[in-house]
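What you see is a predicted model; the values in this text were computed from it and never measured. Just so we're on the same page: letters track the sequence lines, and every chain starts at 1.
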2 protein chains.
Amino acid sequence: MLATAFTADTAYAVRGEDRPNNRAPAPDALAQRLADGTVRTFEGKEHIYREGDVAAHVYVVEVGHVCIYKMLPDGRRQVIDFAYPGDLVGLGAMGEHKCSAQATSRTRVRGIPLASLHQIARTDGRLGVKLYEAVSRELQATRELLFTVSQRNAMERVAAFLLAISRRCERNGEDPLEFVLPMTRSDIADFLGLTIETVSRTFTRLRVDRLIDLSQSVLVTIVDHEALARLAESKGH
Amino acid sequence: MLATAFTADTAYAVRGEDRPNNRAPAPDALAQRLADGTVRTFEGKEHIYREGDVAAHVYVVEVGHVCIYKMLPDGRRQVIDFAYPGDLVGLGAMGEHKCSAQATSRTRVRGIPLASLHQIARTDGRLGVKLYEAVSRELQATRELLFTVSQRNAMERVAAFLLAISRRCERNGEDPLEFVLPMTRSDIADFLGLTIETVSRTFTRLRVDRLIDLSQSVLVTIVDHEALARLAESKGH
DNA sequence: CGTCCCGTTGAGGCGGTTCAAAGTGCGTGG
DNA sequence: CCACGCACTTTGAACCGCCTCAACGGGACG
């Protein structure tokens, strides 16, 4: 009965990116459930689930990173989110998954059976509310991405992307100014609605302009955070 | 406590666009609550609420249409959704609204106090679950829009937009092949991530190519639904 | 050492934007 | 009732940012 109502996968955020002062991400009622579940490990490029698969679990990322995306029959792809450790993946898709989830590298996840989650939610209102909040945050994030893709140019998009990754690293207790990009240029391109060439050129441009450093193509150092933020927020001037 | 957790407004769909055979939109537990509430009427261009306002109610659109949007300081705007009669507006924003909601013409809405909604949800798990489902559907819709804006060209976007409106009209028991657009070209442009000129040119192109008819600029008649659907789905060929 | 995958760089074309102007519908006041 | 103003839409012309196509470079792996 719930099954037919859910239409979307959710790689949302127990994380709560952009909630102020939030380092203990998983909300109480939910957190209890998330401690259960069985651990599975996926290699890079391996799929945790695919569009159309029956959805039986949600997954908490413990180690590694997951790319959530949707395909169009003609091959066009939209990357919807990148899940970092602590993030929850696959919520909101009971009948069948509407997105695919692919590990970008060796990734360990904890699978929580959806059945138990929903059973509890029906009797304990608090969990239902928590799920609601969780999806609301995911919705907020998706609208932010919509704004970025719809209104900003290539430079602004890449700047906003880097800052978002930086914030996630900070949340996870890593260096927010020097981090490894766990996804390919192709993933970034399909996330931002650009081509890999444009993404590559924009990275180069940011490096030449001394806003970032790229000793390796996957290793980003933010040199001028201020300027990057200015780029991401306003158009040019 | 809930207040701090919600981050997003929701102009979601009790509507359930794209749920198969769904004409009785409001799900039971939710529907009861929605029968309560006080009615208010807004003129065209009037705001039901603005970004930053304290969020005290959700609103069910009864008559008219509402445009949900977000602004950037530099004036760029992203329209997130158009709410039709039967749609719910403002869910998911307890502390303060993160979007603005503006009536596109004289509009009657029914305001439901959030306080009562959340109180009930905490004790009755079913309502919480319903809210969860509702936001999940909204998330699904936003991802669909993200895909459209990110991956499709102007012609495909406008075609997809017209088909979406057509489906909404059908759901509301109106003619799906001839309908009035309750929003301006500017609203459509900011929804699809285009300029008004491009939207206008694309409409003209669709008219010249005999896919639609435009006796007045707001009155759309779908002439070749087949071709329109082909346009919206695949790229050219 | 060759192959494959990924990232980078270059040249050229095109779709959508920008800037500008004319057209259309509608309410308001003379 | 008509004239006017205003907001919205349409159309045109020129420009530009991103895409497309193509080639090259570098690291991983057999």
Residues two or more places apart in sequence or in another chain: which of them pass ring-ring contact (aromatic ring centres under 6.0 Å, His included) with [X]?
X        : value
A/Phe42  : none
A/His225 : none
A/Phe161 : A/Phe191

* Asked: How far does the helix from C/dC1-D/dG30 to C/dG30-D/dC1 bend, going by the axes of its first and last five pairs, to the nearest 10°?
  -> 30°
Starting from [atom2] on [N], measure out to [atom1] on [X] and report it in whole angstrom.
X        : N      : atom1 : atom2 : answer
A/Arg205 : C/dT9  : CZ    : P     : 13 Å
B/Leu192 : C/dT17 : CG    : C1'   : 16 Å
A/Leu181 : C/dT8  : CG    : P     : 10 Å
B/Leu206 : D/dT9  : CG    : P     : 16 Å
A/Glu43  : D/dC29 : CD    : P     : 12 Å
B/Arg76  : C/dT17 : CZ    : C1'   : 14 Å
B/Arg185 : D/dT9  : CZ    : C1'   : 7 Å
A/Ile188 : C/dG7  : CD1   : C1'   : 11 Å

* With sequence neighbours left out, write down each residue that passes salt bridge (Lys or Arg N to Asp or Glu O under 4.0 Å) with A/Arg77, or none if nothing qualifies. => A/Asp187, A/Asp190
* State which residues pass salt bridge (Lys or Arg N to Asp or Glu O under 4.0 Å) with B/Arg185; sequence neighbours excluded, sorted by chain then number. => none
* **salt bridge (charged side-chain N to carboxylate O under 4.0 Å, His left out) partners of residues 40-49 of chain B, not counting sequence neighbours, each pair once** => B/Glu43-B/Arg106
* **Residue pairs involving residues 209-225 of chain A (criterion salt bridge (charged side-chain N to carboxylate O under 4.0 Å, His left out); sequence neighbours excluded)** => A/Arg205-A/Asp209
* Structure fact -> Residues in residues 195-204 of chain A with a heavy atom under 4.0 Å of DNA chain C, by number, are A/Glu197, A/Ser200, A/Arg201, A/Thr204
* Of the listed nucleotides D/dC18, C/dT17, C/dT8, the one nearest the side chain of B/Leu194 -> C/dT17
* Asked: According to a strict under-4.0 Å criterion, is B/Lys45 in side-chain N/O contact with OP1 or OP2 of D/dC8?
  -> yes
* **Note: A/Arg143-A/Glu138 ion pair, threshold 4.0 Å (strictly below)** => no
* Would a distance-only check, ignoring hydrogens and angles, find a side-chain to backbone donor-acceptor pair under 3.5 Å from B/Asn172 to B/Pro85? -> yes
